[in-house]
Structure formats: structure tokens, C-alpha cells
Undergrad: 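Have a look at this one.
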Protein chains: 2
Amino acid sequence: MNYSRQRETVYNVLRSTKDHPSAAWIYDECKKIIPGIGLATVYRNLELLVAQGKAIKVPVGQDQDRYDADISLHFHGACPICGKVWDEEISAPLNAALKAECEKNNSEGFSLTFFRVCGDCKAKQEQ
Amino acid sequence: MNYSRQRETVYNVLRSTKDHPSAAWIYDECKKIIPGIGLATVYRNLELLVAQGKAIKVPVGQDQDRYDADISLHFHGACPICGKVWDEEISAPLNAALKAECEKNNSEGFSLTFFRVCGDCKAKQEQ
DNA sequence: ATTAAATTGAGAATTATTCTCATTTTTGCT
DNA sequence: AGCAAAAATGAGAATAATTCTCAATTTAAT
């Protein structure tokens, strides 16, 4: 695999945030750095990063996929309305139990997501 | 909300399987019972069933969403290649810890999915 | 420098899902 | 049974995220 400035930029942009961004957001950020970058290039390199284990795709059952450069064992909260994704703190015992389970059944990985309406969407509902 | 044969059929088809089918598969099965049923009707009623809490959407980060009429507390395995979804057995302690966590942070629900290449895809890889 | 392999950008193509709207079905009421 | 309002449908158009194609450019080894 050869070096490319585009790939490096996609990775840097993804690493720059904890917001679990969508491909479209990453594309917009990359354009600020490499104005001529193509959307397909962003998708291509995100897919590569995931295949290489340098990023994960966070499935939330919304229209757009979310990406995360944090590949450590951690968990997500997601708003079922707007699709926003955040890191969710869970108890140490649960953390340990999950880690053990994952090792026991030798999964490549797992995804644990709690669904909860986020503050913004709750405010809009109450209007 | 009024009764409709289409809605009942969508629900019955979904309940008839443990395969976590896609909307397209459900549509094909429904057509065997109501040949003239429309695809939009299937989507509409799946969405309704989810909103009513009679089914869940299983996000697996693949192209198509998967649905499940089993709304009990349980967990999934998913193949990252073909998107197949199955029910995954986990240990009682983990089960209890998850239940507690969910109640503690009063989430509407959560999704726990282990990723593992399925037998079919593994066989294809080795060819 | 040269060349083969890898990567890109542009836009077309694909595909899952949602939307629109005229028509049909359901249901409460008489 | 007959009627009207509300709900639901089917068909196909519209939307939107993602993938594909391919000629042109860039990378990296010789």
C-alpha cells in the first residue's frame, strides 16, 4: 500500500474529534485541508482504515454510518431520533464481563450501544 | 389505528422466523400471502411495529437493516462480511450486569452485537 | 529517469428507504 | 344496510448514502 496525503488527512480528521462523525462531515473537514479531495476517496479510505483496524464503524440504525478512531474497548450511546453518537461510561464489572465474553467466543469485536433521546431532541419534542 | 391485513401479515412473517430478516426478504414472503402488497407498505408497517415496541431494528453496519420480532432481552452475533445476524448466547453474569446498567441509565434500550465471520463466509474465504 | 502499481477525482450507477397522492379499506354512526 | 371521515394502501417517483468506473495522476522501486 502506498502513501497518500488524502488517506493521511482522512485519518487525521477522524482522530481530531470524539464526535463519531459521518462520512459527509469528514469529507467537509478534509476539503478544508485538501480542497480538491473527492468524496469517493473519503469513503475508500474510511473503509481501509476500518479494514486495517485503525478505526471502527458505529452502526446506529440511522441513515448515515458513523466512524470512530478510538479503537479501545468502549461503548456508545446513540440518539434514536437524530443519530448523534457519544461515548457512554459503564460500570467496571460490566466492562470486565464484556471483555471476558469477547475473548471467550473470540469475536473480532463487538458493539454495545445504548439508545437514549439526546438533550437537543428532547428539547425539540417538548416545544 | 385501524386494522389492516397487510400489517398483520408483515408482523406474522417477521414472527415466523429467527433469521433477523431484511425488509426485502419480508416483502418477498408477504407477497406469497398477499401478491399485490406494496414495498412501501412493508416498510411503513415495520417502522410502526418498531415504534410500538413489537419489533426491533438490528443495526449491523451493513447495507440493509435487519428486523427482529423477539423483543426480549437478548444479544446478536453478526457477520461483518455478509451481514447475517443470529442470536448469541452470553453468560448469566453478563446478562445481569447489562440489565442493571440499562435500568440505571434508563435507556430506551440497547443493542449488543458481537462481530464474527460466519461459517459460510469463512468457507468462501478459504477457497 | 522509467515504469509498474497504487491512488485519485469526477461523475455515473446502485440501492435501501422514504415520500406523494389518488384510490381503497376500515370503522363508527345512523 | 348505508354513509362519511379517518386510516391505510399501491405504484412509482424522489431522496440520499454509498459504491463503482475509468482516465489521469502520484508513488516508489529500480
Side-chain angles (χ1 to χ4, degrees), chain A residues 1-14 19-52 54-68 78 80-85, chain B residues 1-14 19-52 54-68 78 80-85:
Chain A
M1 195 170 72
N2 286 348
Y3 167 86
S4 91
R5 192 158 78 94
Q6 287 84 346
R7 181 146 53 234
E8 188 174 47
T9 302
V10 168
Y11 188 41
N12 286 340
V13 164
L14 182 58
D19 283 348
H20 310 78
S22 65
W25 184 89
I26 295 166
Y27 174 52
D28 286 341
E29 290 301 305
C30 286
K31 274 198 293 192
K32 294 178 186 171
I33 300 163
I34 306 177
I37 197 170
L39 178 58
T41 300
V42 171
Y43 272 103
R44 255 190 306 249
N45 284 311
L46 284 172
E47 197 181 348
L48 257 173
L49 288 169
V50 171
Q52 288 177 154
K54 295 166 81 175
I56 56 173
K57 195 189 264 196
V58 184
V60 290
Q62 288 277 131
D63 47 355
Q64 296 172 247
D65 287 329
R66 301 312 198 93
Y67 295 87
D68 191 349
I81 295 174
C82 69
K84 192 180 299 164
V85 177
Chain B
M1 196 171 71
N2 286 348
Y3 168 85
S4 91
R5 192 158 77 95
Q6 286 84 345
R7 181 147 52 235
E8 187 175 47
T9 301
V10 168
Y11 188 41
N12 286 339
V13 164
L14 181 57
D19 283 348
H20 311 79
S22 64
W25 185 90
I26 295 165
Y27 174 51
D28 286 342
E29 290 302 306
C30 286
K31 275 197 291 192
K32 293 179 186 169
I33 299 163
I34 306 177
I37 196 170
L39 179 57
T41 300
V42 171
Y43 273 103
R44 254 190 307 248
N45 284 312
L46 283 172
E47 197 180 349
L48 257 173
L49 287 169
V50 171
Q52 289 178 153
K54 295 167 81 175
I56 57 173
K57 196 190 265 196
V58 184
V60 290
Q62 287 278 130
D63 47 357
Q64 296 172 246
D65 287 329
R66 301 311 197 95
Y67 295 88
D68 191 350
I81 295 175
C82 70
K84 191 180 297 162
V85 178

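Reminder, nothing fancy here: chain letters follow the sequence lines and each chain counts from 1. For clarity, every value in this text was computed on a predicted model and none was experimentally measured. Atom set for the values below is all heavy atoms of this structure, side chains included, hydrogens, waters and symmetry mates excluded.
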Undergrad: Report the residue (B:Met1 or B:Glu47) whose heavy-atom-nearest nucleotide on DNA chain C is the more 5′ of the two.
TA: B:Glu47

Undergrad: Please give, in whole Å, the distance from C:dT17 P to B:Ile26 CD1?
TA: 10 Å

Undergrad: Within this structure, what is the CZ-to-P distance between B:Arg44 and D:dT9, rounded to whole angstrom?
TA: 6 Å

Undergrad: Is there a side-chain contact between A:Asn45 and A:Tyr11 (heavy atoms, below 4.5 Å)?
TA: no

Undergrad: Would you mind telling me which residue lines up with the more 5' stretch of DNA chain C, B:Ser4 or B:Asp63, judged by nearest nucleotide?
TA: B:Asp63

Undergrad: Starting at CG of A:Leu14, measure out to CD1 of A:Ile56 and round the result to the nearest 0.5 Å.
TA: 9.5 Å

Undergrad: Can you tell me if the side-chain N/O atoms of A:Asn2 get under 4.0 Å from OP1 or OP2 in D:dA29?
TA: no

Undergrad: For C:dT25, does either OP1 or OP2 sit under 4.0 Å from a side-chain N or O belonging to B:Gln6?
TA: no

Undergrad: In whole angstrom, give the distance that lies between atom CG of B:Asn45 and atom C1' of D:dA7.
TA: 12 Å

Undergrad: Heavy atom of residues 32-43 of chain B under 4.0 Å from DNA chain D: which residues?
TA: B:Gly36, B:Ile37, B:Gly38, B:Ala40, B:Thr41

Undergrad: Answer whether the closest heavy-atom distance between the side chains of A:Val13 and A:Tyr27 falls below 4.5 Å.
TA: no

Undergrad: Please give, in whole Å, the distance from D:dA8 C1' to B:Gln52 CD?
TA: 14 Å

Undergrad: Just so I know, are the side chains of A:His20 and A:Tyr67 near enough to count as touching, which here means a heavy-atom distance under 4.5 Å?
TA: no

Undergrad: What is the separation between atom CZ on A:Arg5 and atom P on C:dT8, rounded to the nearest whole Å?
TA: 11 Å

Undergrad: Are OP1 or OP2 of D:dA8 and a side-chain N or O of B:Arg7 less than 4.0 angstrom apart?
TA: yes

Undergrad: If you check every side-chain atom of A:Asp65, which of C:dT27, D:dT18, D:dT21 has the closest atom?
TA: D:dT18

Undergrad: For the residue pair A:Val50 and A:Leu46, establish whether any side-chain heavy-atom pair is separated by less than 4.5 Å.
TA: no

Undergrad: Without decimals, in angstroms, what is the distance between A:Gln64 CD and D:dT19 C1'?
TA: 16 Å

Undergrad: When the distance from CZ of B:Arg66 to C1' of C:dA16 is rounded to whole Å, what number comes out?
TA: 13 Å

Undergrad: Going by side chain to side chain contact (heavy atoms under 4.5 Å, CB included), B:Pro21 matches just one of B:Asp28, B:Ile26, B:Asp68. Which one?
TA: B:Ile26

Undergrad: Would you call A:Gln6 and A:Arg44 a side-chain contact if the rule is heavy atoms closer than 4.5 Å?
TA: no

Undergrad: Nearest whole Å is fine: how far is C:dT18 C1' from B:Leu46 CG?
TA: 13 Å

